[in-house]
Amino acid sequence: MAVLDTGIDSGHPDISGQLDEAVSFVPGEEVTDRHAHGTHVASTVLGTGEASEGRNKGVAPGARLLVGKVLSDEGFGQDSWIIDGMEWAAENAKVVNMSLGSSEPSDGTDPMAQAVNNLSKETGSLFVIAAGNTGSEGIGSPGAAEEALTVGAVDKSDNLAWFSSKGPSFGSSGLKPDLTAPGVGILAARSQYTNQGSGSYMSMDGTSMATPHVAGAAALLAQRHPDWTGEQLKEALMSTTKKLEHIKPFEGGTGRADAVAALGHVRAKGSLDFGFYDWPHENDGPAEKTITYTNDADQDITLDLTVSVKDANDTDAPAGMVKLSAEKVTVPAKGSTNVTVTLDPNAGNFGTRYQGHISASSEGESIVHTSLGMIKEDERYPLTIKAIDRDGEAASAYFYLLGPTGEPQFMSVDGTKELRLPKGTYSVMSMMDVDTDTDHAGVALVGDPEVHLDGPQTVMLDAREANEITVDVPEETEAHYRKMEYFRSIDGNQVNDIYIMPAVADKMYAAPTEKVDTGEFTQATRWRLAEPLLTIGYEGKELDDIPQAGSTLLKGKHQLEAVYAGNGSPEDYEKLDVKGKAAIVLRSDELTGSERAAAALTAGAKLLITVNDGPEELSEWTGVENEDFSLSDSPLSVAGVSGIEGQELIEAAKSGGLTLNVEGTPDSDYLYDLVDMHHQAVPQKVNYSPKTKDLVKINSEYKSDRPAPGAEFRYDILEHSFAGVGFLQKLSLPSVRTEWVSAQNGTSWYHQAGVLDAQWEVRQPKVEYKPGQTLNEEWFSPVVRPRFGAGFWAPYRTGNYLIINVPAWADSGTGHTGADMNYPGDQTLKLYQGDTLVREGKGQALYLFNEFPAEKTQYKLVSDAARDAERWNTSVRTHTEWTFWSEKQGEYQTALPLISLDYKVDTDMAGNSTAGKKIKLDLSAVQIADAPENGKIKGASLEVSLDEGKTWEAAKLAAKGNGWSAEIKHPNKKGASVSLRASAWDDAGNRVTQEIVKAYGLK
């Protein structure tokens, strides 16, 4: 027996006495099994059970073992390692166990599968191979090989394991797997060199565990018949399985392996694969195959033959589709008899998969059986996909196929690919990477969103036809974020393909299309434009540089002397003076980006420019990995440039006297968040040049009482979008910025911002702007307090359960909600039913799966939250109480009638108002929408404290719009603060009372 796997624990008591030889085919690794897979598999085949006093024996404990390590310690292997191991094993073993395979389905023509076929015929060895663990149709390689004995998995109840890969084989539609065996919860030897599990044994699942059961059965059979070839062993094992009627041949072959039955005297051909009959069936005709029945007994045996073939609905195949040359045969002693099986595909229905068994019995006892399968294609036509790059050469690309088959399929093409698809309307679109080996790489949207397939068709993914997507705005900008996407729906099926442009991609393209007649089609481009983060110029040229991730941006204008420092190793700087200068280095595999940055920083450089060692642009991590494995930014500014323009820079630096004009703008004074959409077709012109009247102007203030690291992002949400896609971008706090935003019909926006050093995140509700608007927005502005809103899910009732969520740190922005993302933070929630405390918990959520009364009942929710007074000057402590009524509703889930309080007070960028002045403070009450127990807001009160809540004085409220306004006189005391205590209630008995200590400061 040979086992090709992750190696072996040669010292395991169950195996040490069985092992004859072990060879590693993995370069640089010993045969020792540090993964655990190989030892487990080998002991399932032939373990002696020594470590368990004989309880955990393998199937064939008397067999001898050869081990070929073809998978690394991580469990992966190259095809060449595996094929080398196969060749060695086939020359030295009768049975070869291969509990391995590719995750991608194979058509049986790849090198590993062909090696199985060739070695099986040349040596007579039997390769027993796992079917795979995808749980879907398609067998990996080498299990897809025709000569392989391919094994699926069942559990102890003979149900097909959920993970067991099924047939038919990809491309060939071949009849695989061949049989099944137990593969769920298999206990076998554990390698002492692995960190998985403990003790001498461990349990594993997989077709990898089923395969050695069959290999062990093959070893027993080979001992009984040492002269048999691998093909004869395969026939005997397949034709004598326990037939499982609930598992079809394309799912589990002939049945579950039965080692005892395989030792019987009669065997037969294991399976008859009648193959795939493609449309239009003009030349289909009856096909014949032969079953050979072999009898090794000393007496003749008469077999009664029956055919059972069904379709996917378990309906019998049409009468006459499958015929036998004889329904009863006598197989002579020590001889064989042939039976011809004729299948007429013309009798079958279009688009049907037929499968079943031909069973042979004697005197009513089942003896052997042969599985068979045939697929008759429905009306289908070839759809050819051809991918061409911008230079006219064949290209590789990924594309989405959407059509009447349902879910979109993500597929690849390498030059040309042919699909056979049912008649119908399809979309074939690709976001193709183009010009990848240049310094102007890009992405092109190509394809056809509407293909009417009623005959052979070709779709060209031709990047040469794509036009560049451009944007024009009045200010000087560069893209800080770009996204391409398209949406397509056909008959209720839809795909939304999104491509976030990497930093190294310069260009975006889209090929024009015809207007679609069926369903919806939208092509959209998203830009975030702002001032260039870093410009580097010399001798009248400006570099196309990329600030590197993990570095710190320069600020302001600088003139830096440039010094060439080789590959940027510490040794390269030993005789150089780069202090306060720009170091220019050439990238190499000898150093990581972080190591290059660290060396330049140590040498005193102010700027590091890394020139790529290839023509492409460069983007790499240059930050610091800390001892606790966290990441932080390097204090050095680092930029990358392509090898093409970088070589000129290097030569200029080598010549000496090179000065670089450098300007860094980490915080832009303006920003454009833009979306351009085209519906039903991609036009010839894909330039977006919005006018001021087409956009909304937002004057944004990001407040902070001290310099701090911040981040924000505005996510576009289109009509077809499930959610926005993007990532937070750094912003120094405090900051003021003019933001121009697209206001196209069908475009909504969701804006989020955070204070990074405090893990405070604030969320704005989704909004759709109107062209020409001018708005003012504030972030992190007082008064900060608990508030419900669309940014976080609101408290609700489901049945008699209450689910509570109280985000504690909303700022004063319209509709904003906010929370401490360092969960649970310094927040405590309490829920009372009447006066009885039901639950108390840390953090902003309570999940109350108590059985609360169905009838209307009063509850009280209390939130106490605090912030570090050393870090924050405002809202250092809040106490909020909600009294509300709730009863069981007919709907599955309903909102709770909780009230939020909104405050509006003018403050500066540090969150301070003016000392010694009278100011207006606006107050309003906001209910959670659609709560069935909501009443009409009836009144409010406000109290003010100038001593952080020790004493309180009532403030007079006057009605103002949908809320109230109060006049507050500030003491003439700079550095003091104002605390607030407010209440509001409705006419249904719901009430909120909120106390905020140091609600805002005074200057």
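Side chains are part of it too, since the values below use all heavy atoms of this structure and drop only hydrogens, waters and symmetry mates.
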Inset, instruction - Using salt bridge (charged side-chain N to carboxylate O under 4.0 Å, His left out) as the criterion, list what pairs up with Lys730, not counting sequence neighbours. - result: Asp633

Legend entry - Any pair counted as ring pair (Phe, Tyr, Trp, His ring centres under 6.0 Å), so long as it reaches residues 898-919, sequence neighbours left out: none

Inset, instruction - Kindly say whether Phe780 contributes a backbone atom to a donor-acceptor pair with the side chain of Asp811 at under 3.5 angstrom? - result: yes

Inset, instruction - Under the ring-ring contact (aromatic ring centres under 6.0 Å, His included) rule, collect the residues that match up with Phe487, sequence neighbours excluded. - result: His720

Inset, instruction - Give a yes or no on whether the backbone of His480 and the side-chain of Gln729 come within a donor-acceptor separation of less than 3.5 Å. - result: yes

Inset, instruction - Would you confirm whether the ring centroid of Trp760 sits within less than 6.0 angstrom of the ring centroid of Trp779? - result: no

Inset, instruction - Using only heavy-atom distances, determine whether the side chains of Glu542 and Thr535 contain a donor-acceptor pair under 3.5 Å. - result: no

Legend entry - Axial cation check for Trp809 ring with Arg785, 6.0 Å and 45° limits: no

Legend entry - Contact list for residues 679-699, test salt bridge (charged side-chain N to carboxylate O under 4.0 Å, His left out), sequence neighbours left out: none

Inset, instruction - Under the salt bridge (charged side-chain N to carboxylate O under 4.0 Å, His left out) rule, collect the residues that match up with Asp906, sequence neighbours excluded. - result: none

Inset, instruction - State whether a side-chain donor-acceptor pair under 3.5 Å links Glu777 with Gln764. - result: yes

Legend entry - Selection residues 987-1001 - residue pairs positive for salt bridge (charged side-chain N to carboxylate O under 4.0 Å, His left out), sequence neighbours left out: Arg981-Glu995

Legend entry - ring pair (Phe, Tyr, Trp, His ring centres under 6.0 Å) partners of residues 960-998, not counting sequence neighbours, each pair once: His970-Tyr1000

Which pairs would a plain distance check flag for residues 787-797, meaning a side-chain donor or acceptor within less than 3.5 Å of a matching protein atom at least two apart in sequence or in another chain?
residue : atom : partner : partner atom : Å
Arg787  : NE   : Asp902  : OD1          : 2.5
Arg787  : NH2  : Asp902  : OD2          : 3.1
Arg797  : NE   : Gly799  : O            : 2.8
Arg797  : NH1  : Ser886  : OG           : 2.9
Arg797  : NH2  : Asn800  : OD1          : 2.9
Arg797  : NH2  : Pro853  : O            : 2.8

Inset, instruction - Return the set of residues passing salt bridge (charged side-chain N to carboxylate O under 4.0 Å, His left out) with Arg706 (not counting sequence neighbours), or none when no residue passes. - result: none

Legend entry - Qualifying salt bridge (charged side-chain N to carboxylate O under 4.0 Å, His left out) pairs, either residue in residues 735-748, two or more places apart: Glu712-Arg737, Arg714-Glu739, Arg737-Glu739

Inset, instruction - Not counting sequence neighbours, which residues clear salt bridge (charged side-chain N to carboxylate O under 4.0 Å, His left out) with Lys918? List them please. - result: Glu967

Legend entry - Thr894: side chain to side chain donor-acceptor pair (under 3.5 Å) partners, not counting sequence neighbours: none

